[in-house]
2 protein chains.
Amino acid sequence: MNAKEVLLQHIIKIVPLSDEQIDYVFSHFKPMNFKKGQAVISEGDKVDYEYFVVSGCLKAFYINDEIKMHILQFAMPTWWTSDFCALYNNTRATINVDCITDAEVLCISNEDREKICREIHEVEHFFRWRTNRGYIASQKRLLSLMNNDAKTRYEELLAMYPQLYNLVPKHLIAAYLGVTRETLSRLYSAH
Amino acid sequence: MNAKEVLLQHIIKIVPLSDEQIDYVFSHFKPMNFKKGQAVISEGDKVDYEYFVVSGCLKAFYINDEIKMHILQFAMPTWWTSDFCALYNNTRATINVDCITDAEVLCISNEDREKICREIHEVEHFFRWRTNRGYIASQKRLLSLMNNDAKTRYEELLAMYPQLYNLVPKHLIAAYLGVTRETLSRLYSAH
DNA sequence: TGAAGAATGTGATGTACATCACGTAACGAT
DNA sequence: ATCGTTACGTGATGTACATCACATTCTTCA
């Protein structure tokens, strides 16, 4: 399945679009390829785009005191990522995005997203649906972080995304869970 | 300012609406009044509505093991609250919502929201904007929870919402920050 | 292919916070 | 006014996790 098919399958599952609309929407996306380890957004950058993952795996993360990293999101195929705060408020990036594996993405600028949302009601509906899902997922993660200990969160994560176990180095999983790599290592060696 | 004015000022700051549209949109909201302590949504309920706060203060919270409470959100005037997960997925509530003070709200059903979003493109845009803001706030809180200790989070919260200090009992602030009331008490007596 | 860096494991120790226990003060209903 | 309930403070102790230190294995690439 090529990039166009992946994106549009994802969209038309939510909203019906005519063939011309499909082509028109797709014409606002720009395909990009990144190598493993390559940066997509770096702290301090101007943020103009959001990214739809076609293949590969990205991470959105925050660096505290130039030392500690916390991962906001792993972005797998059909997920969207960016520094949404900087993108929507037109401020500089405080979040970094880079590639855990080689990745193929489709990017769309803030202006173009707003343009096609304005022009096609169904597209606006799609983006509302998408943000809504992200919001609900984020609230769930907040609760999990407050309610559960690290071991429970680790098991939750692997139950939800089993692919991560082999795809992503353990210290990144630790940075997502909000513990150190040492603690994570002890968690599963304890069982 | 009456309930209608509060709601519509809030909306037209984001999207322009004609006078007829304003009346039409408002006709889908139902005014409700709650007393301090009264429940709006209880765990296990069917969730049909979301709530726009006109005056007063609500909280959305989760109860763990029938013992520990964690607060997802304080809902102040012009904020929206509900169990969005249950509302959008049409499942039973896992989250509770109740009133910290007497409160005046406007509620709208899931069907009516989707209906006016379908009928009026600007309204769909408004709800996308609103959810987007919630999503960004939620991501910020996630990062703060992972990066900062309880004292820093306490200061952040009071800097952002100084009204909370006098309005909300301290044990609820603790439940929002994700610490026990004892720890919170020690945090500010230490300074 | 071999050397450097990245990822991982594991012990010793430190610390932020939870838990338990008990006290006092403020509030709300009869 | 008073009695029960809720809010709040504070000490003693326990615990999950961080930090530091060092060893081992796995990757990458010149």
Side-chain angles (χ1 to χ4, degrees), chain A residues 34-39 57 59 61-71 74 96 98-102 143-158 164-191, chain B residues 34-39 57 59 61-71 74 96 98-102 143-158 164-191:
Chain A
F34 291 99
K35 286 281 160 204
K36 177 175 177 174
Q38 208 177 337
C57 181
K59 65 178 192 284
F61 60 105
Y62 178 75
I63 301 277
N64 186 351
D65 312 323
E66 318 280 305
I67 295 173
K68 270 185 284 183
M69 174 178 67
H70 289 291
I71 294 181
F74 291 118
N96 303 270
D98 71 13
C99 300
I100 296 177
T101 65
D102 288 359
L143 274 185
S144 178
L145 208 55
M146 295 205 289
N147 278 318
N148 303 135
D149 64 10
K151 182 160 197 174
T152 310
R153 297 202 305 276
Y154 174 64
E155 283 157 5
E156 248 179 41
L157 179 68
L158 288 194
L164 285 181
Y165 188 82
N166 293 313
L167 192 62
V168 172
K170 308 251 180 291
H171 73 275
L172 293 184
I173 293 185
Y176 179 89
L177 295 174
V179 294
T180 59
R181 54 174 200 80
E182 293 96 327
T183 296
L184 180 62
S185 168
R186 282 185 260 260
L187 283 182
Y188 52 73
S189 69
H191 190 69
Chain B
F34 290 98
K35 287 280 160 204
K36 178 176 176 174
Q38 209 178 337
C57 181
K59 66 178 192 283
F61 60 103
Y62 178 77
I63 301 277
N64 186 350
D65 311 323
E66 320 279 306
I67 295 174
K68 271 184 283 184
M69 172 177 67
H70 289 291
I71 294 181
F74 290 118
N96 303 269
D98 71 13
C99 299
I100 296 177
T101 66
D102 289 358
L143 274 184
S144 177
L145 208 55
M146 295 204 290
N147 278 318
N148 303 135
D149 64 10
K151 182 160 199 175
T152 309
R153 297 201 306 276
Y154 174 65
E155 283 157 6
E156 247 179 42
L157 179 67
L158 288 194
L164 284 181
Y165 187 82
N166 293 313
L167 192 63
V168 172
K170 308 249 179 295
H171 72 275
L172 294 184
I173 293 185
Y176 180 90
L177 296 175
V179 295
T180 59
R181 54 170 202 84
E182 292 96 328
T183 296
L184 179 62
S185 169
R186 280 184 261 261
L187 284 182
Y188 53 73
S189 67
H191 191 65

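The figures here come from the full heavy-atom set of this structure, side chains too, leaving out hydrogens, waters and symmetry mates.
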| task | Can you tell me the distance, in whole Å, between the CG atom of A:Leu172 and the C1' atom of C:dT8? | result | 13 Å

| request: Take the protein atom CG of B:Leu187 and the nucleotide atom P of D:dT10, then report the distance between them rounded to whole Å. | output: 13 Å

| task | Salt-bridge test for B:Asp102 and B:Lys36: reply yes if a basic N is under 4.0 Å from a carboxylate O, no otherwise. | result | no

| request: Using atom CG of B:Leu177 as one end and atom P of C:dA18 as the other, report the distance to the nearest whole Å. | output: 10 Å

| request: Would you mind classifying the nucleic acid contact of A:Gly178 as base, sugar-phosphate or nothing, using non-hydrogen atoms under 4.0 angstrom? | output: sugar-phosphate

| query | Of all the choices, D:dT10, D:dA7, D:dA21, which nucleotide is nearest to the side chain of B:Pro169 once you look at every atom? | reply | D:dA7

| Are B:Tyr188 and D:dG9 close enough that a side-chain N or O sits under 4.0 Å from OP1 or OP2? | yes

| said: So, does A:Thr183 get its side chain near the phosphate of D:dA18, meaning an N or O under 4.0 Å from OP1 or OP2? | reply: yes

| Among the nucleotides D:dA21, D:dC17, D:dG11, which one has an atom lying closest to any side-chain atom of A:Glu182? | D:dA21

| said: Tell me the interatomic distance from A:Asp149, atom CG, to C:dA18, atom P, rounded to whole angstroms. | reply: 14 Å

| said: Nearest to the side chain of A:Val179, heavy atoms from C-beta on, is which of C:dT8, D:dG9, D:dA18? | reply: D:dA18

| task | Examine C:dT19: is either OP1 or OP2 under 4.0 Å from a nitrogen or oxygen in the side chain of B:Lys68? Give yes or no. | result | yes

| Length of the line joining A:Asn166:CG and C:dT8:P, which is rounded to integer Å | 12 Å

| Looking at the side chain of B:Arg186, which of C:dG28, C:dG11, D:dT10 is the nearest nucleotide? | D:dT10

| Do we get B:Lys170 above B:Tyr165's six-membered ring, with its NZ or CZ under 6.0 Å from the centre and within 45° of the axis? | yes

| So, is the end of the A:Lys59 side chain (NZ or CZ) under 6.0 Å from the ring centre of A:Phe61 and within 45° of the ring's axis? | yes

| request: Starting at atom OH of B:Tyr165, determine the distance to atom C1' of D:dC8, rounded to an integer number of angstrom. | output: 12 Å

| said: From CG of A:Asn147 over to P of C:dC17, roughly how many Å is that when rounded to an integer? | reply: 17 Å

| query | Does some side-chain heavy atom of B:His70 sit less than 4.5 Å from a side-chain heavy atom of A:Asn147? | reply | yes

| field | N/O (side chain, A:Lys36) to phosphate O (OP1/OP2, D:dT28) under 4.0 Å | value | yes

| task | Kindly say if B:His171 contacts the phosphate of D:dC8, meaning a side-chain N or O under 4.0 Å from OP1 or OP2. | result | yes

| task | Run through B:Ile173, B:Leu172, B:Leu167 and flag the one making a side chain to side chain contact (heavy atoms under 4.5 Å, CB included) with B:Pro169. | result | B:Leu172

| request: Answer yes or no: does a side-chain N or O of A:Ser189 lie under 4.0 Å from OP1 or OP2 of C:dG9? | output: no

| query | Between C:dG9 and A:Ser185, is there an OP1 or OP2 to side-chain N/O distance shorter than 4.0 Å? | reply | yes

| Whole Å only: how far is the CD1 atom of B:Ile100 from the P atom of D:dA7? | 11 Å

